[in-house]
Structures are given as C-alpha cells and as structure tokens.
Amino acid sequence: MKPDFSMKEYLAHIISESLKQFELEEQPNIQIEDPNQPEHGDAATNIAMTLAKPLRNNPRAIAQQIVDGLEYDENKISAVEIAGPGFINFRFAEDYLFDELESILEAGADFGKSAGNKDQRVLVEFVSANPTGPLTVGHGRNAVLGDTVARLLEWTGAEVEREYYFNDAGRQMRVLGESVQARYLELLGKDAEFPEGGYEGEYIRDIAQALIDEQGEELADAKDESPFKEKAEEEIFADISGTLERMSIKMDSFFNERSLYEDGKIEETIEKLRAKDLVYDKDGAVWFKTTEFGKDKDTVLVKSSGEPTYRLPDIAYHANKLDRGFDLCLDVFGADHIATYPDVLNGIKSLGYDPEKVDVVVYQFVTLVKDGKPFKMSTRKANFVTLDELMDEVGADVTRFFFLMRSPNTHLEFDIARAKEAGEKNPVFYLQYAHARIASILRKVEEEYDFESQADLSVLTHPSEITLIKTMLKFPENVANAARLREPHHVINFLEELASAFTSFYHDCRILGEDEKLAQARMELAKAVAQVLRNGLGILGITAPEQM
RNA sequence: GCGCCCGUAGCUCAACUGGAUAGAGCAAUUGCCUUCUAAGCAAUAGGUUACAGGUUCGAGUCCUGUCGGGCGUACCA
C-alpha cells in the first residue's frame, strides 16, 4: 500500500527545500489546501503570504522566489502558477493520476486506511442507556455516532473496543420493577397500585405477560419488585441488543456499574481523593472540592442518604477504563451531560491519571418532529418512537444515514413524516444507486468483452474521467480528517461528491460499445469508484448493493 | 445571573488547520429517455453568513458586545 496523502507530503517537501534559500529562523508550517475553483489548480499553498511579514517583502515576489527555487518531478506536477494575492497553485500530471488510480485498485478494500492511530488501544463507550425501555430515536444518534466514530478510528489504525455502560441498581430500575409488578397483578385480575412515575409503555405489560406464561401466579405474593426487575432487565436488554444488531452495532462489552461497588472501587476512589484532601464531609454528605478546579460550587459525591451521586461511579469507571490500559477513552453523550465531564476529568486527574487520555464526543439534541410539531419524548410516559419502528419504516441504512448526515454539533431535526416519505428519495439511495449502477455495468462488460492485456489508463482524458480520479484521491485524507474530528458527516459529504462525479461521468462517457482499449480503461475507473464507494459506505455501516 | 452549543438560500443543512467567486438536497422554473438503471443529467433563480465593532494581506470561520434559540447550572441520571 502506498503511503497516504503522498502528494501533499511531496509538495510540502519540495517547498521546504526551496525555502532554504531564505535562511528562516524557524521552519514555517507549510499548508497545502484543495482549491475550491478548478482554475486554481489541484493543490495550493499560501506559504508566500505567511512569509510576507517575516521577510518584509510582498507575497507575490516571495512566491516567485519560491517557485524559482522549486525542483519537482514533472511526472507528478505538470504546472506551477502564482495567482491572486500570492498563492502558489500546482497542477497534477496525468501520469501521476493514472499511477494513483492503479494504486487505488491495488489497495482495494484497504484504500483510505491510514496509520495515524496505529497501535492505539481505544475504548469507545456509547449508547449506555439504562435498560428501562426500548431504544428510541433519541438514542439513535448516540448509537450510530459512537459506532461510526469507532469505525473511523479503526480505519486510522486504532484497535477499538466498544463498551456499553449501564446501571441496574438505581431508582429508575426499581420503579421499572414495580411497574412490571403492578401490570403482572393486573393481568392476574388482582388489585394493584401502579407506582407513581411508573413506566407506562405497553412493553411493560408484555414483560408481565411473559412472566405469567413462564411462572403463572407464582410471583403474586412476591415481597418486592426484584424478580420483576430482573425479568424486565433481561427482556429489555434482549430487545436492545436486537435493535443494535439490526443497526450493525456490535458491543464488545457491557459494563455494569454495580461491579464498581462489588470490587470496592467506589470506596477506593473516595479514600484516594480524601487522602489528597479533595474530599470532605458536610451536612451528612461527602463533597468533592470542585472549587479547587475553578467551579463555583463543590459537588456532592455521596448523598446524606448514603447513596452516591452518579459522579462518583463515573470517576471510578473512568479510572477503571484507564487501568485496563487504553490509550484513549472516548465517551459519546448528548449535550445535556456536558456539565459532568469536567468533574470526571478533575477526578481522574486527582487520582493520578492522565486526563488527556479521556475525550468526549458531544452531540446536540435530536428534535423529534411529529405531525409538524416538536415532540417531547419520555420513556417513562411512553411517548416515544423506537428505533425498531423507524427501521421498520425506512430500513437500517436510511436510519444510520439520517443520524450521520449532520455535524454532531448541530441540532438534528428529525421529522418522522419526512423520514418516512424519504423512503423513495433519500440521499442515501443516491450513493447506493451509483454503486449498483457500476455493478450492473460491470456485469454487462464481462459478457461483452474479453480483455486480454493490461489496461492502458492513459486513454482516460475526458474531464469527467480526470475529475473522478482526482475526487477519489481525496478519500484517505477525508477519512483521517473525519476520524481526527470524530465527525462522520465529512465522509458523507465526500461520498456525495464522488457519487455526483460518477453520475456526471456516466452521462458523459459510455463503457459498453466503446472500443476495447477505452472500454477497458473506463471499466477500471468504474471499478475503482465502486471500491471507494464500498469503503466509504462501509465506514458508515451502510450497505453497498449490487443492484437496486 | 453564570457556563456550553447554535444562528448561513423559502425549508433541512455543508464549507478540514482563517484563503481566491459561500455550496448541496428539498421546493420553484426550463431542457434531456430507440444508447451501460431517468432512484439520473444539464441549466436558471434564490445570500448584507442574526446584528455591531475588532484582529489581518485575507473572516461564515478568531476576539468583544448585542439580539434570538437549545442545553446545563440538584444531596435527579
């Protein structure tokens, strides 16, 4: 496999060689960018402008000196131009493009992979919904984003584990058990009081019915809710796992918060912090001196009831992750949890861990729109649309795509009606359609041609062909970039550009019916496009169909 | 009050470390199917990037302030 971004590295190298003539005190950072306008070439650098001040000269004059001192391989670069206020624009030689096209085909399913995170062990924690009900579209963004970020990191060489963190010991779960108990008694025709703030969803009744089917009335005299809670947890986790699997999400581990208590880690965490004088008792509660870290208030770690707040196990959990030797622990959560993050960082830092090894992917809320109005979801009140219902309507590919197409940083408006309508004209189909089209053409090419020699790619001269190759070459950097920023939507933007470049090519250039030499070269080009589409869709966890 | 995020075309959203003429999709208008899938292509129209300052060769992007929206700011998770 060829090294990624070879062209940008090459350009940076030859430019830095030319810069030696200036005897600069420090090596400037050489930026190579993709121009927006085709007239501005295939790559550009602003280096002359950034050197204007230190060299006390005008940028265009500096650019001229740099270009004069530039030694480059004409097999790679066909032209170097100075333009605008002092940009230096480069044009790629066609031979270079053909070589790269060949290397895409050689790399195949590996094209786009890079090694920036090689040998990094990364834990991505996501979903982490307590098992109180089915996964809803509210959880969808978390689930799909977490899984896709994990895939992106894998594409940059990291060894990734996916973990689901949950707590089955809290108040939520107790109320859940009581809710099932009440439905159970109701179904048996007995008096039952539905708990205040109980879970009203129909699935609670289903769980109760399952208990009746298995054990009859045996539990009617149960002293507390625990057998009901256990059954509910089991059923709901089975449901959640099914939903995740349907979305092509595979967890490596489920981490139960309770184990932190059983292993004494909670106690240990508090004692360690106390030894550092960061913890004190007041009003029967245990406080964490977060004012030491610049917060305006200290934070309760253990309530006067003796029950820890969620911050304490959170700190212990992150310490546990780092104890397991991960180089990076990524948490995926919604903007509403952002406030807890500094406490966790301060906690693990105080315990002697490197907080740099913990990072978060924060996404903004999904605004569900139903019947044209914002719809407030509540698992407890049974106001929700489940991910399974959504996938029944639009399928898993559309579901994943929908959650990935926007930057995590923006509020995602999820209009149920529109998502259903979208069935026929969803943007994801545009990408899949391009892939299916290529597959279809390749099937026909195989029937009608019998190529004997190696393809001669140099017959690819049409602007649509050249654009297509140049577009594909951006893929590795795009993936690395998306991984670095943990923003999968960059990959979608790229794939839309590629699919669009392909459909233009499809309309401009035929394969079938052309003479053998041209048909073969175009077939190789189409094969490469299909490969890149497959690779990109694979990162997104979306299928690349052979026909539609 | 304080903290974080957001404000870009009628709508939903792009725009990598600050770069050259701010882009797509949907909606609108107009062409294009005896030819590899029209789930498509080409073209037109649509903008004071909320507002006001500042930084600089250059700002949608960085800084300050104002307005508007979301989320936090619990001995809830």
Side-chain angles (χ1 to χ4, degrees), chain A residues 29 31-37 39-40 44-46 48-50 52-53 58-59 83-87 89 128-130 132 167 170-172 282-287 295-297 299-311 313-314 334-342 362-365 367 405-415 418 421-422 424-427 429-430 432-434 436-445 448 474 477-478 480-482 484-485 487 489-490 492-493 496-497 500 503-514 519 522-523 526 547-548:
Chain A
N29 178 29
Q31 297 176 36
I32 310 288
E33 56 204 42
D34 302 325
N36 292 325
Q37 313 295 326
E39 309 88 75
H40 297 149
T45 181
N46 60 357
M49 278 124 82
T50 63
K53 197 167 261 183
N58 86 69
F87 289 102
N89 297 335
S128 296
N130 285 338
T132 59
N167 171 25
R171 193 185 58 85
Q172 276 184 358
K282 193 182 90 180
D283 303 332
V286 181
W287 297 73
K295 273 186 67 164
D296 48 8
K297 277 186 211 160
T299 305
V300 171
L301 289 180
V302 183
K303 296 183 257 183
S304 50
S305 65
E307 218 180 338
T309 64
Y310 64 96
R311 284 161 210 266
D314 264 7
D336 56 334
H337 282 57
I338 188 68
T340 81
Y341 174 58
V362 179
Y363 59 90
Q364 299 299 317
F365 264 42
T367 312
M405 64 194 293
R406 307 304 184 204
S407 157
N409 219 3
T410 123
H411 297 265
L412 174 65
E413 185 167 300
F414 196 113
D415 189 323
R418 202 174 287 180
E421 267 174 26
E424 277 294 298
K425 46 175 87 168
N426 196 289
F429 294 132
Y430 185 74
Q432 295 183 315
Y433 185 54
R437 227 174 205 176
I438 296 171
S440 165
I441 294 170
L442 294 180
R443 284 191 294 270
K444 291 189 171 145
V445 169
E448 298 193 18
K474 294 184 196 169
E477 190 186 6
N478 176 271
N481 210 28
R484 179 175 56 83
L485 298 169
E487 292 179 349
H489 73 284
H490 294 291
I492 289 187
N493 291 345
E496 285 178 346
E497 187 187 343
S500 169
T503 33
S504 294
F505 159 81
Y506 171 82
H507 283 271
D508 293 341
C509 305
R510 294 186 53 81
I511 295 178
L512 254 45
E514 296 291 344
R522 285 182 174 167
M523 183 193 74
Q547 58 185 29
M548 290 177 76

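Chain naming here is simple, since letters A, B, ... match the order of the sequence lines and numbering starts at 1 in each.
Of all nucleotides present, only B:U30 satisfies the Watson-Crick or G-U wobble test against B:A42, with each distance under 3.5 Å. When both distances must be under 3.5 Å, the Watson-Crick or G-U wobble mate of B:U49 does not exist. The partner of B:A15, taking Watson-Crick or G-U wobble pairs whose two distances both stay under 3.5 Å, does not exist in any strand shown.
Among the atoms of the strands shown, only primed sugar atoms or phosphate atoms (P, OP1, OP2) are found under 4.0 Å from some heavy atom of A:S407. In this structure, A:I338 reaches neither bases nor backbone, as no heavy-atom distance under 4.0 Å exists between it and the strands shown. Base engagement by A:I32 is indicated by at least one non-hydrogen atom pair under 4.0 Å involving a base atom. As judged by a 4.0 angstrom heavy-atom cut-off over every strand, A:A52 is placed among residues making no nucleic acid contact. The residue A:E496 sits apart from the nucleic acid: no heavy atom pair falls under 4.0 Å. A:N36 comes within 4.0 angstrom of sugar-phosphate atoms only, judged by non-hydrogen atoms across all strands, and of no base.
For A:N89 against B:A20, a side-chain-to-base donor-acceptor contact under 3.5 Å is present. With hydrogens and angles left out, the side chain of A:Y433 and the base of B:A39 share no donor-acceptor pair within 3.5 Å. In this model, a side-chain donor or acceptor of A:N46 finds a partner on the base of B:G19 within 3.5 Å. Side-chain atoms of A:S304 and base atoms of B:C75 include a donor and an acceptor less than 3.5 Å apart.
Residue ring and nucleobase are not stacked for A:H507 and B:G40 under a centre distance beneath 5.5 angstrom and an angle between planes beneath 30°. Here A:F365 does not pack flat against the base of B:G70, since the 5.5 angstrom centre distance and 30 degree tilt limits are not both met.
Picking from B:U37, B:C16, B:G70 the nucleotide with the shortest atom distance to the side chain of A:H411 gives B:G70. Taking only side-chain atoms of A:Q31, from C-beta outward, the nucleotide of B:C5, B:C16, B:U17 with the closest atom is B:U17. Of all nucleotides listed (B:C5, B:C75, B:G40), B:C5 comes nearest to the side chain of A:N409. Of the candidates B:C41, B:C36, B:A77, the closest approach to any side-chain atom of A:H337 belongs to B:A77.
The closest donor-acceptor contact from the side chain of A:R406 to the backbone of A:H411 lies at 3.5 Å or more, if one exists at all.
If you take NZ of A:K282 and P of B:A74, they are 13 Å apart, rounded to a whole angstrom. Put simply, CD1 on A:I438 is 16 Å from P on B:A39, counting in whole angstrom units. As a whole-Å value, the separation of A:Q37 CD from B:A20 P is 8 Å.
Nearest-nucleotide mapping onto RNA chain B: of A:Y430 and A:Y506, the residue sitting toward the 5' end is A:Y506.
Of the side-chain N and O atoms in A:K297, none sit less than 4.0 angstrom from OP1 or OP2 of B:U73.
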